[in-house]
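Quantities reported herein were computed from a predicted structural model and do not represent experimental measurements. Computation of the quantities below employed the complete heavy-atom set of this structure, encompassing side-chain atoms and omitting hydrogens, waters and symmetry-equivalent molecules.
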Amino acid sequence: MSTAPTDQGPSVVWRIVRGYMLPRWPAFLFGIFCAAAFAFLTAYLTLLIQPVINDLLASKVDLHAMSNLVWIVVAFALLRGAAAIGQAFIANRVGLDIVNDAQSELVGKLMHADLARLRATHSGAFLSQVVNDCQMIQTAATTGFLNYLQSGFTVAGLLAVMFTKDWLLTTIVLVLGPVIAWVLRIFSRFAAQRTGSSMDANAALATAVLEGLDGVRVVKIEGREDQERDRVVKVLIERKKAFLVLMDAQAAAAPISEVMTFLMVALVIAYFVWRESMGVVHLGPLSVDKITPGAFAAFVVALLAAGQSLRQFSTLQTTLAYGLAGARRLFSHLDIMPEIRDTPASKVMGASSGRLRFENVTFAYGDGEPVLNNVTIEARRGETVALVGPSGGGKTTMLALAPRFYDVSDGRILLDDHDIRDVTLASLRAQIGLVTQEPFLFDESIAANIAYSRPDASQADIEAAARQAAAHDFIVGFPQGYQTRVGELGIRLSGGQRQRIAIARAFLKNAPLLLLDEATSALDTESEAQVQAALERLMEGRTTVLIAHRLSTVRGADRIYVIHHGRVVESGDHASLMRQGGLYARLAGSQDLEMTPEPA
């Protein structure tokens, strides 16, 4: 399975911008405008301090001017609040849109992923990707981005105000800026390094919880509730450790930047004392006048406000690092291309007769030993072909190869005269109906589960399929009939009822090739009889390949292939295989199946 290289730093940022931000540029433009307005108003409010302080100290208070100043401050404060609210509203709405897009993209990618990849990773890890990693895109692309801009604009505006009050002092402050940036950068890198561990901890927690819930029956029957709780507690402890390191880094960053801000305030006060003692200072062609008390007050307020923005910078550094780490993980999964996919040369397959042929097929899972070795079988149009043999021989793998859940390692599989790798997946799978030992039902209505292969099917079509599957009578017995929800994995239905819903789904699909994988082995005798009768109606006129351990269900098959250790060791009908006295006859004998060969 090929994976594109994981994007690093700038490329991740550009991918977020290109894929999620540029398509929403009007909203982001408005958000940037709000951030800039907030910064401008913050800076301008500090300018109002100087005349007030100077007038107060000079005992020359203009009451009319002060009254006007009150209204100016109120107006600017309201505008500043409106800008902050507008920015937050844009961040919330655009952020949720981005999360929805990222989650939709990831779920779509997972649905099209190779079965081998899906089986190799626990569903809890995928759940963590969909819920947590996608959520981090919002942090990186909206809230973090706009707040970062707001803080940057605010610092720039306040520096401009400070420069108008005393350019020399502002220059001294700017010289110290790289030191502060270096300290913040250290915390950002530290947080980024710990972010991956915290996300892995989230995935481990989701995996542990889902696994316990999936196996809750086994947990309860074995009395292992407390042990399962303890297992999750261990995961929680590791998760706490991972998050504690990250949270400590975030918690320490702001106070340290605050300490540095107040150190600069102390430096400013010391400078003010020095300036008062020096008078006018000449620096070559430039001179610096004494700073007035009002200008000094405005400078300090601007410096404190800039310090507040710098503290936000320190928090945003870790926030953005967290968001970019999530984006990097997300993109690494989105970049995985499935090996089993359509190619530009893939053709749409028309209606099939259902004739299936395996030609010298060899198959191995990943780099493991071959599960199938040089297997050749054939199911002609309308025939019923059975695959039997000891467990672990490769029978279920053969059924998985027919719809291209996996691709053969060697040889080829033909449907009619088409190599299944040369046709589109959708047109191939449209020709195949599948009923397994444990049918999967969605937590939807019975009607929706039957119509899953044909969402546009009418109610009459759904009911007709249910009647053919001997399911109609028990369905209408429910208070809500066909609108009855089946519960998670169909838990509200019995095994026989679930199986007949799955058979009804296959009836409605009406595919020419039918694959049956132990479709009755998990049922009681009464349910098996009902399901077997429904299956026989389903098999009429279709090419059927079925797996069965109960050999009594395959006696009428047109051809039986005995699969052992990944090879076809015998083939023929029931009577001929019994006469051979080989593995099939021994399996039949172990099941007390009649040993007397039937008349040829």
Side-chain angles (χ1 to χ4, degrees), residues 26-95 142-167 169-171 173-174 177 180 254 257-258 261-262 264-265 268-269 272 291-316 319:
F28 273 104
L29 197 60
F30 180 73
I32 293 171
F33 169 78
C34 289
F38 180 92
F40 168 78
L41 293 167
T42 300
Y44 192 84
L45 282 170
T46 63
L47 287 174
L48 301 178
I49 295 173
Q50 179 175 348
V52 173
I53 297 296
N54 287 335
D55 287 350
L56 286 174
L57 292 176
S59 300
K60 296 189 300 183
V61 177
D62 185 339
L63 295 180
H64 178 70
M66 290 292 288
S67 299
N68 290 335
L69 182 61
V70 169
W71 291 111
I72 291 173
V73 171
V74 170
F76 273 52
L78 290 174
L79 288 172
R80 185 173 178 271
I85 292 172
Q87 177 186 322
F89 278 15
I90 286 294
N92 291 341
R93 282 154 179 76
V94 175
T142 55
T143 308
F145 169 73
L146 291 176
N147 285 343
Y148 205 83
L149 281 182
Q150 182 199 89
S151 296
F153 289 153
T154 302
V155 169
L158 292 169
L159 283 173
V161 170
M162 293 160 60
F163 199 86
T164 63
K165 304 307 171 191
D166 193 301
W167 64 267
L169 183 53
T170 305
T171 303
V173 170
L174 285 175
I180 299 175
S257 64
E258 187 172 298
T261 299
F262 278 102
M264 283 199 294
V265 170
V268 169
I269 295 173
F272 178 72
I291 184 169
T292 66
F296 173 73
F299 191 98
V300 171
V301 170
L303 179 61
L304 289 173
Q308 175 64 30
S309 294
L310 286 174
R311 286 195 294 276
Q312 291 177 353
F313 261 128
S314 66
T315 302
L316 289 170
T319 300

Does anything in residues 31-40 pair up under side chain to side chain donor-acceptor pair (under 3.5 Å), and if so which pairs, sequence neighbours excluded?
-> none
How many angstroms lie between atom CG of Leu159 and atom OG1 of Thr154, to the nearest 0.5 angstrom?
-> 10.5 Å
In a table with atom names and distances, give each donor-acceptor pair under 3.5 Å that connects a side chain of residues 294-305 to protein atoms at least two apart or in another chain.
none

Less than 3.5 Å apart, which donor and acceptor atoms pair up between the side chains of residues 36-45 and the rest of the protein, not counting sequence neighbours?
| from | atom 1 | to | atom 2 | distance (Å) |
| --- | --- | --- | --- | --- |
| Thr42 | OG1 | Phe38 | O | 2.8 |
| Thr42 | OG1 | Arg80 | NE | 2.6 |
| Thr42 | OG1 | Arg80 | NH2 | 3.4 |

Going by atom type alone, with no hydrogens or angles, which donor-acceptor pairs under 3.5 Å involve a side-chain atom of residues 27-34 and a protein atom two or more places apart or on another chain?
none

State which residues pass side-chain hydrogen bond (donor to acceptor under 3.5 Å, both in side chains) with Gln150; sequence neighbours excluded, sorted by chain then number.
-> Gln87
Name all residues meeting the side-chain hydrogen bond (donor to acceptor under 3.5 Å, both in side chains) criterion together with Ser151; count only those two or more places apart in sequence or in a different chain, and write none if there are none.
-> Gln312
